[in-house]
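Here, residue 1 is the first one in the sequence, and each next residue gets the next number.
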Amino acid sequence: IQRYRIQSHYLRHHCWVDQESLLDRCDRLPSVPTLILHGTADGVCRPEAAAALQRRVSHARLEWLHGVGHDATHPEMVRAMVRALDRFAEQGRLQ
């Protein structure tokens, strides 16, 4: 049910296609430590889109998770998120 609520929300707002694209708004992002974790097998948000996002957010680092799809609970995605958060908590940086 939650999935359909989210989809309905997007549809109600016409998926925001009448607004400036996300990529075109990236220059407004603050220059803070940014890590993009993206699965190479993501069929919803294609890997090419993650690469385009990283090019627009020059201070961001993109880390590929091989074989991971569009699933934030995939064990490899969870491990990558925990590693990144632990590293940031310990060192104040993502690398």
Side-chain angles (χ1 to χ4, degrees):
I1 291 175
Q2 192 62 18
R3 176 183 185 160
Y4 296 111
R5 279 189 183 143
I6 293 168
Q7 288 176 346
S8 296
H9 177 73
Y10 273 75
L11 292 173
R12 192 171 117 229
H13 294 281
H14 308 286
C15 298
W16 291 277
V17 295
D18 57 342
Q19 295 182 12
E20 188 178 17
S21 78
L22 175 63
L23 285 178
D24 290 335
R25 291 182 276 162
C26 285
D27 61 339
R28 300 178 201 156
L29 292 173
S31 185
V32 296
T34 304
L35 175 63
I36 302 166
L37 297 172
H38 198 86
T40 59
D42 191 332
V44 177
C45 297
R46 306 293 306 159
E48 299 82 22
L53 176 62
Q54 195 277 324
R55 284 192 298 274
R56 290 288 188 100
V57 183
S58 59
H59 61 273
R61 187 169 65 90
L62 174 59
E63 185 176 316
W64 295 109
L65 302 175
H66 297 283
V68 176
H70 192 79
D71 181 5
T73 64
H74 186 285
E76 215 30 61
M77 180 64 79
V78 170
R79 278 192 286 277
M81 287 189 286
V82 169
R83 269 194 319 268
L85 291 169
D86 284 348
R87 199 166 41 233
F88 186 74
E90 292 169 7
Q91 304 169 8
R93 56 191 168 92
L94 295 169
Q95 295 183 3

Asker: Given a cutoff of under 4.5 Å between side-chain heavy atoms of I, L, V, M, F, W and Y, with clusters grown through shared members, what are the other residues clustered with Ile1?
Answerer: none
Asker: Spell out, yes or no, whether Leu65 and Leu35 are grouped together once hydrophobic residues are joined by side-chain heavy atoms under 4.5 Å, including indirect joins.
Answerer: yes
Asker: I need the Arg61 CZ to Leu37 CG distance, nearest 0.5 Å.
Answerer: 8.0 Å
Asker: For a quick test of reading the model, state the closest non-hydrogen atom pair linking Ala60 to Ile36 and the distance between them.
Answerer: CB-CD1, 4.0 Å
Asker: Between the side chain of His59 and the main-chain N/O of Pro30, is any donor-acceptor distance below 3.5 Å?
Answerer: yes
Asker: Write down the atom of Trp64, the atom of Pro47, and the distance for their closest heavy-atom approach.
Answerer: CH2-O, 3.3 Å
Asker: So which atom in Thr40 and which in Gly67 form the shortest heavy-atom distance, rounded to 0.1 Å?
Answerer: OG1-N, 2.9 Å
Asker: Any pair with a residue in residues 3-12 that passes side-chain hydrogen bond (donor to acceptor under 3.5 Å, both in side chains), sequence neighbours left out, goes on the list, sorted by first then second residue, please.
Answerer: Gln2-Arg5
Asker: Going hydrophobic residue to hydrophobic residue with side-chain gaps under 4.5 angstrom, can you get from Leu62 over to Val68?
Answerer: no
Asker: Any salt bridge (Lys or Arg N to Asp or Glu O under 4.0 Å) involving residues 66-86? Give me the pairs, sequence neighbours left out, ordered by first then second residue.
Answerer: Glu63-Arg83, Glu76-Arg79
Asker: Which heavy atom of Cys45 sits nearest a heavy atom of His38, and at what distance?
Answerer: O-NE2, 2.7 Å
Asker: Salt bridge check: are Asp27 and Arg56 linked by an N-O gap of less than 4.0 Å?
Answerer: no
